[in-house]
Amino acid sequence: MANYEQIIKLSLERGFYFPSSEIYSDAPAGFWEYGPNGVNIKNKFIDLWRKELVRKATMVEIDGAQIMSENVFIASGHIKNFSDPIIKCSGCKSTFRADRFISEKTGQEVPERINENEINVLIKKNNLKCPKCDSDFEESGRFNMMFKLGIGPNNDEAYLRPETCQSIFVDFSRLFKVMRGKLPFGVAQIGKSFRNEIAPRQSLLRLREFYQAEIEVFFNKETVNQIAGFEEIKDVILKIFYDDTNKELTVQEAINQEIIPNKLVAYYLVLLKQFYEKTGIDMEKTRFRKLSNEEKAFYATIAFDFEVETSVGWLELVACNDRSDYDLSEHSKTSKQNLEVIDPHTQTKILPQVFELSMGIDRSIYAILEHSFFDDIENERTVLRLKPYLAPITVGILPLVKKDGLGEMATKIFSDIKRDFNVFYDDAGSIGRRYRRLEEVGTPFAITIDHKTLEDQTVTIRYRDDMSQKRIDVSKIKEIINSLLNN
RNA sequence: GCGACGGUCGUCCAGUUUGGUCUAGGACAUCAGAUUGCCAAUCUGGUAACCCGGGUUCAAAUCCCGGCCGUCGCACCA
């Protein structure tokens, strides 16, 4: 298992990801680029997400705009809630979280949603000064985590979305109609979200611009226990961290003990678990953490975080929230549109509830890299033991030597298969070095062209994990790699 | 955003204390050639860096100021 520094080093050296605009000294923190290897693994991760979540659970996918109007975020609550009250010292310019600062100094409870006037009053009343330089505070303000934009010549107020899901909520009415929706109705989206983090840190783990893969399941709360696929998954064991203890229990038991509220939530938690099993993340180091009321986002009634243990601690990869009818109800009020639908099953008119799986793609990629990293001391190599279908390069084509026509033969094989897979051709240096380079970026298969190839049209295929080799016919290469990818 | 510490080839490190000998050195990686011909071999040669801006000085990688970035802590979070 690797640590954070090793992964960063590998990423920089081998082009997985690196800081954005790094040739400029004013490049702000929190923005990273995916390089060639990183893009491949990200795209393949997304392919897997589509296959194992979107298609498996029969959802639809959309691709919404990243810029949305002010009203969207008034309705969503982000204008009001997605910000922290702050106070700034007039002398040394130190900034403090107002609510925490006041309650610390006065010992009295200060609600997080406190407004600016109340803060100013409390500061005056208690004669609070800056703890560092004893100056007075400026008028209190709010720091909103959304990026504000001006649209058109009048600079109409708009924001970069802080989560992708608002597109799904505002589009719900049309989507339900045009897709002839039934409940539960799953809508998925991959895209970028933007948050003006105070202190972005740790590369892909806390970004200001990041990828989310979100799934919003609209459902009728009267039928949350009538879930078609539940029988098949009721004995699946989940690890749930709750009340400071780890519990391992079947979803049926979790429902019986009221840890999981209903079959619908259970179904999607299992779906998510099964997805992550296929990413190669070590499932022994994962858990669902049930959040307490204090930890939950402002829109959530029930929340589970899917977490994975890494060298930098437990990382939250997916937020699984029951958002109740909060979003549709607020959008309905603000837009003055009726967003109710008829549930075809019950023939009742309802405003659907929402259960979401909000996945951080960048963090997931990091976790996969870290869990795949293997320092193979015995064979003096480092290997990324990625699942073959996630590896940035699927197969390397290596002529044992350049001369004797082996180079030409290898080039021909390369041309024959390069549209089918991510293939990398390498004839530089010793064969052992070329194998090492490939396995360092997780390439699962290497085809070696040797002198025997010219005699009988066979090549060797080498497997990354055990370094074993097998002779196969040149004509079978595509077929064999395809079958290995589908394992 | 604050505080502490830090920033030198792709990566890791030496040089900064005491300004000049730095035309910035090494290792690994990389590129070219030779050699070998199935697991990071060897030889030869090459590419490649003082975070950015300003100041002090005859002279700055080295001292000073500002900015940016990084690590950690506070906080925030997918």
Side-chain angles (χ1 to χ4, degrees), chain A residues 4-6 8-15 18-31 82-84 86-89 92-97 99-101 104 130-133 143 145 162-165 192-214 295 297 305-308 312 315-321 356-367 376 379-382 398-404 406 428-440 446 448-452 459-460 462 464 467-469:
Chain A
Y4 177 79
E5 285 73 28
Q6 287 173 299
I8 276 281
K9 186 179 171 187
L10 179 72
S11 297
L12 292 172
E13 282 184 343
R14 306 309 303 272
F18 45 85
S20 179
S21 310
E22 61 179 333
I23 63 168
Y24 285 102
S25 63
D26 66 345
F31 300 92
F82 207 60
S83 61
D84 298 321
I86 53 167
I87 44 173
K88 205 174 213 178
C89 168
C92 66
K93 303 294 174 194
S94 298
T95 310
F96 302 89
R97 268 287 290 272
D99 52 333
R100 283 161 201 266
F101 182 77
E104 205 175 284
C130 174
K132 289 182 184 152
C133 67
F143 175 72
M145 303 251 299
E163 51 179 13
T164 54
C165 59
K192 275 195 166 168
S193 290
F194 305 83
R195 294 182 190 174
N196 201 357
E197 293 286 346
I198 298 170
R201 212 162 272 191
Q202 288 178 317
S203 63
L204 296 193
L205 305 185
R206 198 149 85 245
L207 297 162
R208 287 184 165 133
E209 176 176 340
F210 60 102
Y211 283 100
Q212 287 188 304
E214 293 201 295
E295 295 173 298
D305 281 350
F306 178 75
E307 298 186 325
V308 53
V312 292
L315 264 189
E316 179 185 349
L317 297 190
V318 188
C320 312
N321 297 307
E356 77 170 354
L357 302 176
S358 173
M359 177 183 296
I361 293 182
D362 316 275
R363 285 182 174 189
S364 296
I365 301 289
Y366 174 82
D376 186 353
N379 293 303
E380 293 181 53
R381 58 179 196 156
T382 56
L398 317 174
L400 189 61
V401 294
K402 277 188 249 185
K403 58 190 181 189
D404 302 337
L406 297 188
S430 75
I431 192 72
R433 178 176 291 271
R434 283 179 274 161
Y435 289 144
R436 293 293 176 278
R437 272 196 292 244
L438 285 172
E439 56 206 11
E440 196 185 5
T448 307
I449 290 82
D450 57 16
H451 290 93
K452 200 154 187 284
V459 292
T460 60
R462 175 184 182 274
R464 174 195 68 200
M467 301 165 66
S468 69
Q469 283 177 295

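Each chain gets a letter, A, B and so on, in the order the sequences are listed, and its residues count up from 1.
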Inset, instruction - Would you give a per-nucleotide map of nucleotides 37-51 of chain B, 5' to 3', where B means the base has a protein non-hydrogen atom under 4.0 Å away, S means only the sugar-phosphate does, and - means neither? - result: BBBBS----------
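With respect to A/S193, the side chain to side chain donor-acceptor pair (under 3.5 Å) criterion is satisfied by exactly one of A/E163, A/R208, A/Q212, A/E209: A/Q212.
Under the Watson-Crick or G-U wobble criterion, with both distances below 3.5 Å, B/U18 is left unpaired in every strand shown. Shown here, B/C39 forms no base pair; nothing in the strands shown gives a Watson-Crick or G-U wobble contact with both key distances under 3.5 Å. Pair assignment for B/A4 gives B/U71, based on Watson-Crick or G-U wobble hydrogen-bonding distances that are each under 3.5 Å. The partner of B/G66 is B/C52, judged by Watson-Crick or G-U wobble contacts that both fall below 3.5 Å.
A/D305 is linked by a side-chain hydrogen bond (donor to acceptor under 3.5 Å, both in side chains) to nothing, counting only residues two or more places apart in sequence or in another chain. With sequence neighbours excluded, no residue satisfies side-chain hydrogen bond (donor to acceptor under 3.5 Å, both in side chains) with A/R206.
Each of A/A319 and A/E13 has a nearest nucleotide on RNA chain B; the 5'-most of these lies closest to A/E13.
Distance check on atom C1': B/U35 versus B/G20 gives 46 Å, rounded to whole Å. To the nearest whole angstrom, the two P atoms, one in B/A14 and one in B/C51, are 14 Å apart. Here the separation of B/A61 from B/G15, taken at their C1' atoms, is 8 Å to the nearest Å.
The side chain of A/Y4 contributes an N or O atom lying less than 4.0 Å from OP1 or OP2 of B/U71. For B/C77, the OP1/OP2 oxygens have no side-chain nitrogen or oxygen of A/Q202 closer than 4.0 Å.
Side chain A/R208 to base B/A78: no donor-acceptor pair is found below 3.5 Å.
Atom CD1 of A/I8 and atom P of B/C69 are 16 Å apart (whole Å). The CZ atom of A/F306 sits 18 Å away from the C1' atom of B/C77 (whole-angstrom rounding). One can place CG of A/L207 at 11 Å from P of B/G70, the figure rounded to the nearest angstrom. Atom P of nucleotide B/A78 and atom CG of A/N196 are separated by 15 Å, given to the nearest angstrom. The separation between A/I23 atom CD1 and B/C69 atom C1' is 15 Å, rounded to whole Å.
Ion pairing between a basic and an acidic side chain is recognised when a charged N comes within 4.0 Å of a carboxylate O; A/R462 and A/E439 show such pairing.
No contact: A/P19 has no heavy atom under 4.0 Å from any strand.
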Inset, instruction - Show your reasoning for whether side chain to side chain donor-acceptor pair (under 3.5 Å) applies to A/E214 and A/S358. - result: CA-CA 4 Å; A/E214 293 201 295; A/S358 173; 2.6 Å; yes
